[in-house]
Amino acid sequence: MTFQIEQNIPLYGRSAHTRRGKQILETLQRMNNGDSFLVHNDSKREAGSTVCLVRMIAKKNGMMVTSRAAPEGGYRIWRVQ
């Protein structure tokens, strides 16, 4: 497989993924142990992606979270440490 090298392509703006990550980190920092929030997206795939992002951000910042499928749809995430 070969890749074509291109020049003079401007750097794209910050992604929504980065902004969403910042919002998630701020939410986790405001939470106490035992607090939770609901992740509810239009699709199960988007919700799963958000849960994965929450876990990565929590781990990177020394926090522990757990998640479960919520009966009302989506996933509920608890901060446990």
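Basis for what follows: all heavy atoms, side chains included, without hydrogens, waters or symmetry-related copies. Start at 1 with the first residue, then count along the sequence. A quick note: this is a predicted structure, and the numbers were derived from the prediction, not measured.
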Apart from V80 itself, members of its ILVMFWY cluster (side-chain separation under 4.5 Å) are M64, W78

Looking only at heavy atoms, which two atoms of R20 and S49 are closest? And how far apart?
NH2-OG, 4.1 Å

To the closest 0.5 Å, what do you measure between NE2 (H40) and OG1 (T50)?
11.5 Å

Which atoms form the tightest heavy-atom contact between S67 and V51, and what is the distance?
OG-CG1, 3.7 Å

Report the distance from atom CE of M56 to atom CG of L53, rounding to the nearest 0.5 Å.
5.5 Å

Under the side-chain contact (heavy atoms from CB on, under 4.5 Å) test, residues paired with N33 that sit two or more places apart
R79

Quick check: do V54 and F37 have side-chain heavy atoms less than 4.5 Å from each other?
yes

When every non-hydrogen atom of T66 is compared with those of R55, the smallest separation belongs to CA-NH2, 4.2 Å

Salt bridge (charged side-chain N to carboxylate O under 4.0 Å, His left out) pairs touching residues 65-78, sequence neighbours excluded, are E72-R76

Residues that R30 engages under side-chain contact (heavy atoms from CB on, under 4.5 Å), provided they are two or more places apart
E26, T27

Nearest heavy-atom approach of L38 to G73 is CD1-O, 3.7 Å

Partner residues of E46 under the side-chain contact (heavy atoms from CB on, under 4.5 Å) criterion, sequence neighbours left out:
N41, S43

What's the spacing between I77 CD1 and L28 CG if we round to 0.5 Å?
7.5 Å

Identify the two heavy atoms, one from A47 and one from V39, that lie closest to each other, and give their separation to 0.1 Å.
O-CG1, 4.0 Å

